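Computed from a predicted model, the values in this text were never measured in an experiment.
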Amino acid sequence: EIRIICKKLFVSSLQEKEGLAIVEFSRLSHLSVEKVLRLIRESGGKVTLDAEKPNYLYIKSGKIDLKDKAEFLSERLSMLL
């Protein structure tokens, strides 16, 4: 499911390390600015952007098991579709 969402969003890289997922987009023009801002606003600080790397999205998942983490990331990324 995550692979399908990533393909639709033109995600070139998705890495997770120590409770932080780093999503790299290859085509920013396909993302809705409104949807990204809504995701950041509704996340309560768990989703952030980097001013120096505008094609990166950071999602904090914390210490949860693999299945829950996959579902969490899937939910967050699907909000951008």
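A continuous path of Ile, Leu, Val, Met, Phe, Trp and Tyr side chains, each step under 4.5 Å between heavy atoms, connects Leu14 with Leu39, placing both in one hydrophobic cluster. The hydrophobic clustering, which links ILVMFWY residues whose side-chain heavy atoms are closer than 4.5 Å, places Val23 and Leu37 apart. When the side chains of ILVMFWY residues are joined at heavy-atom separations under 4.5 Å, either directly or via intervening members, Leu80 and Ile22 end up in two distinct hydrophobic clusters. A continuous path of hydrophobic side-chain contacts links Val36 to Leu28 [ILVMFWY only; heavy atoms under 4.5 Å]. Linking ILVMFWY residues whenever their side-chain heavy atoms come closer than 4.5 Å, directly or via other members, leaves Tyr58 and Ile2 in distinct clusters.
The minimum heavy-atom distance between Ile40 and Ser43, with the atom names listed, is O-OG, 2.9 Å.
Scanning for side-chain hydrogen bond (donor to acceptor under 3.5 Å, both in side chains) contacts around Glu71 gives an empty result, with sequence neighbours left out.
For NZ of Lys60, the number of neighbouring non-hydrogen atoms (other residues, nucleotides, ligands) closer than 6.0 Å is 12 at most. By the neighbour-count criterion of 12 heavy atoms within 6.0 Å, atom CD of Glu24 is densely surrounded, having more than that number from other residues, nucleotides or ligands. Environment of CD1 in Ile4: sparse, with no more than 12 heavy atoms of neighbouring residues, nucleotides or ligands closer than 6.0 Å.
In this structure, the separation between CD on Gln15 and CG on Leu20 is 10.0 Å, given to the nearest 0.5 Å. In this structure, Met79 CE and Arg76 CZ are separated by 6.5 Å, a value rounded to the nearest 0.5 Å. Rounding to the nearest 0.5 angstrom, the gap separating the CD atom in Glu1 from the CG atom in Leu77 is 10.0 Å. How far CD of Glu16 is from CZ of Phe72: 10.5 Å, rounded to the nearest 0.5 Å.
Inter-residue side-chain proximity for Leu57 and Leu49 is flagged as met; some heavy-atom pair is nearer than 4.5 Å.
Lys35 places a side-chain N or O within 3.5 Å of a backbone atom of Leu81 that can act as its donor or acceptor partner.
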